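Following: one structure in structure tokens, then a few remarks.
All figures in this text were calculated on a predicted structure; none of them were measured in a lab.
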Amino acid sequence: MATFVDRVVLHVTAGNGGHGGGAAQREKVKPLGGPGGGHGGRGGSVVLAVDPQATTLLDYHHTPHRRAENGRPGAGDERNGADGGDLVLAVPEGTVVKDAAGEVLADLVGHGATFVVARGGRGGLGNKALASPRRKAPGFALLGEPGESLDVVLELKSLADVALIGFPSAGKSSLVSVLSAAKPKIADYPFTTLVPNLGVVTAGQERFTVADVPGLIPGASEGKGLGLEFLRHVERCSVLVHVVDCATLEPGRDPLTDLEVIEAELAAYVTDDSLGGRPLSERTRIVVLNKADVPEARELAEMVTPMLEERGLEVFTVSAVAHLGLKELTFALARHVAQARAEVEAAVVERPRVVIRPKAVDDSGFHVRRENTPDGEVFRVLGERPTRWVRQTDFSNDEAVGYLADRLSRLGVEEALLKAGAVAGSTVLIGPVEDAVVFDWEPTMSSGAELLAGPRGTDVRFEDSGRKTRSEKREEFHGRKDAQTAARDQLAAERRAGHWSSAADED
């Protein structure tokens with residue numbers, strides 16, 4: 001069973017925004033009090049935060065699917081829904097966040113560092129906020145937006161100053177155990193170390209960390225053995241220490257050959273340029289000839305030391321078992337670490353430029369793309385606002401669909417579709433390919449709201465018709481009487497003229 005995990009694929013989903021409320025006011029003396037729906041709450045976000053208590057990504061290896069809370073819907077009496085709680089995931093310091101394509105999204109270094117990996121959806125507006133002088137009684141509200149959902153890769157890269165590298169069973173774990181208080185697993189068989197071990201070393205006024213990287217073998221940079229899995233822990237180290245086993249009895253093995261093989265693997269490993277790391281082959285390197293307590297090994301170390309020094313390498317002959325040469329090695333490492341830290345502090349940190357990109361005057365915020373698909377020609381509308389408006393629309397509500405049509409028309413979408421060549425009945429898609437809404441487009445969208453007695457979004461019950469004054473009523477009464485008198489006079493004149501007669505006249 002795994003106890004240390006330094007790379008996981010995490011599936012995160014932020015919370016959805018709550019729907020807006022579409023309730024109406026209810027008051028004792030005001031039965032038609034107008035709209036009173038509140039806004040929906042914001043969905044919770046998924047946040048990665050550095051926690052000093054976290055040392056591995058094991059929890060996310062067992063449960064890789066994480067989801068934040070949804071926002072609550074709005075209610076009547078203008079009550080807004082509660083926001084969904086953010087989901088905070090603790091990660092070790094040195095965690096690198098990448099997207100599915102391998103692009104670095106964040107490098108979490110430093111206590112308290114955070115990164116919002118998935119943002120929660122915004123809550124929908126209630127019908128109270130949608131009311132206007134022309135739309136006094138909206139019978140709809142906006143839906144909440146869905147939260148972001150994506151897959152990210154978490155990689156843990158240890159924050160150590162010195163990395164001990166070399167073949168399996170070269171004595172790296174033993175060296176860490178005597179240089180620091182770390183207690184790694186030590187045995188006499190290859191690949192004893194399966195996880196990087198960290199130890200803190202003190203030399204005079206300097207304190208630095210040493211990482212024991214699991215053994216490398218030829219082809220480690222291509223995925224053989226355990227090397228590729230843990231070479232990422234070397235990327236942040238400023239000093240690399242080659243631990244060479246001078247007492248090995250394996251055929252074809254000697255200090256010079258081992259050094260050349262490991263150097264080739266370091267040169268072949270590709271570091272993340274986005275993290276600002278130098279190639280491993282350009283780091284400060286020190287050679288440690290280990291197991292000098294064995295007479296044959298000590299003789300071999302004395303023989304190859306001049307050859308290594310001719311290559312410009314600093315060489316130390318030590319024995320982790322007999323504690324030989326450790327003091328000199330410790331202070332040499334402290335000197336190199338202090339020099340590397342000074343170089344970092346002295347480096348000129350360029351302040352990032354603040355680039356202002358104002359929107360163009362003629363930028364409509366969307367564009368129409370004409371596409372040819374196996375099902376025929378379609379017109380795709382791409383833009384943040386049209387896509388968001390479509391997601392917020394309740395298509396089961398005719399008035400809400402009409403409101404969407406009004407918004408799109410004011411934005412200029414219909415005009416842009418006409419310019420792109422769309423005609424009545426053309427297929428129009430709004431949104432990205434994976435999440436688009438399909439319409440059979442008509443130049444003027446009809447939602448059924450036109451069947452209302454007044455303009456869309458209005459209610460004749462709220463119209464102030466006004467009461468007639470007494471003089472107006474008197475004029476209306478006299479007008480009716482005058483009309484009746486004129487009608488009787490007209491009938492009498494026609495009878496005298498003989499145009500028609502009644503039954504009484506015939507008798």
Side-chain angles (χ1 to χ4, degrees), residues 17 19-20 22 35 37 39-40 42 119 121-148 355-373 375-452 454-458:
H19 300 331
H39 307 323
R42 176 189 59 83
R119 295 190 178 277
R122 290 188 292 185
L125 297 179
N127 63 347
K128 176 66 176 179
L130 301 177
S132 65
R134 296 186 57 191
R135 186 184 294 106
K136 296 183 178 181
F140 66 98
L142 298 185
L143 304 181
E145 296 184 48
E148 295 180 342
V355 180
I356 300 177
R357 296 184 176 91
K359 288 186 177 180
V361 176
D362 57 348
D363 184 11
S364 60
F366 74 95
H367 65 278
V368 177
R369 189 171 64 195
R370 193 169 185 173
E371 300 178 356
N372 292 320
T373 65
D375 297 331
E377 186 180 60
V378 299
F379 297 85
R380 187 180 301 277
V381 180
L382 297 173
E384 179 184 356
R385 285 193 290 177
T387 303
R388 184 176 73 249
W389 293 347
V390 167
R391 291 176 180 172
Q392 294 175 331
T393 301
D394 179 10
F395 287 94
S396 64
N397 187 306
D398 291 338
E399 193 176 349
V401 177
Y403 178 66
L404 172 63
D406 290 344
R407 301 177 84 180
L408 295 176
S409 178
R410 288 195 301 267
L411 187 62
V413 173
E414 289 196 355
E415 183 180 354
L417 287 172
L418 291 173
K419 290 181 179 179
V423 296
S426 296
T427 302
V428 176
L429 291 79
I430 300 181
V433 178
E434 63 277 2
D435 188 22
V437 178
V438 183
F439 297 90
D440 289 333
W441 183 66
E442 295 293 338
T444 300
M445 295 182 64
S446 175
S447 65
E450 292 77 4
L451 302 178
L452 298 174
R456 183 185 299 142
T458 63

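Taking CZ from Arg391 and CD1 from Ile430, the interatomic distance works out to 12.0 Å, rounded to the nearest 0.5 Å. Atom CZ in Arg385 sits 9.5 Å away from atom CZ in Arg407 (nearest 0.5 Å). To the nearest 0.5 Å, the span separating CD on Glu371 from CG on Leu429 amounts to 7.5 Å. Rounded to the nearest 0.5 Å, atoms CG (Leu142) and CG (Leu125) are 5.0 Å apart. Between the CH2 atom of Trp389 and the CD atom of Glu145 there is a distance of 12.0 Å, given to the nearest 0.5 Å. The CZ atom of Phe140 lies 8.5 Å from the OG1 atom of Thr393; values are rounded to the nearest 0.5 Å.
In this structure, Leu417 and Val381 have side chains that are in contact, with non-hydrogen atoms separated by less than 4.5 Å. Contact of the Arg410 side chain with the Asp406 side chain is registered, since non-hydrogen atoms from C-beta on lie closer than 4.5 Å. Looking at Leu130 and Tyr403, their side chains come closer than 4.5 Å, going by heavy atoms from C-beta outward.
Between Pro386 and Phe366, the closest heavy-atom pair is CG-CB, 3.9 Å. Arg370 approaches Ala420 most closely through the heavy-atom pair NH1-O, 3.1 Å. Shortest non-hydrogen contact noted between Ala422 and Leu418 is O-CD2, 3.9 Å. Taking each heavy atom of Ala137 and Pro35 in turn, the nearest pair found is CA-CD, 4.4 Å. Heavy atoms only, all atoms of each residue included: Asn127 and Gly37 are closest at OD1-N, 2.8 Å. The shortest heavy-atom contact between Glu399 and Gly139 is OE1-N, 3.3 Å.
Look at Arg119 and Glu148 and you find no salt bridge, because none of the NZ, NE, NH1 or NH2 atoms lies under 4.0 Å from a carboxylate O.
No donor-acceptor pair closer than 3.5 Å links the side chain of His39 to the backbone N or O of Gly20.
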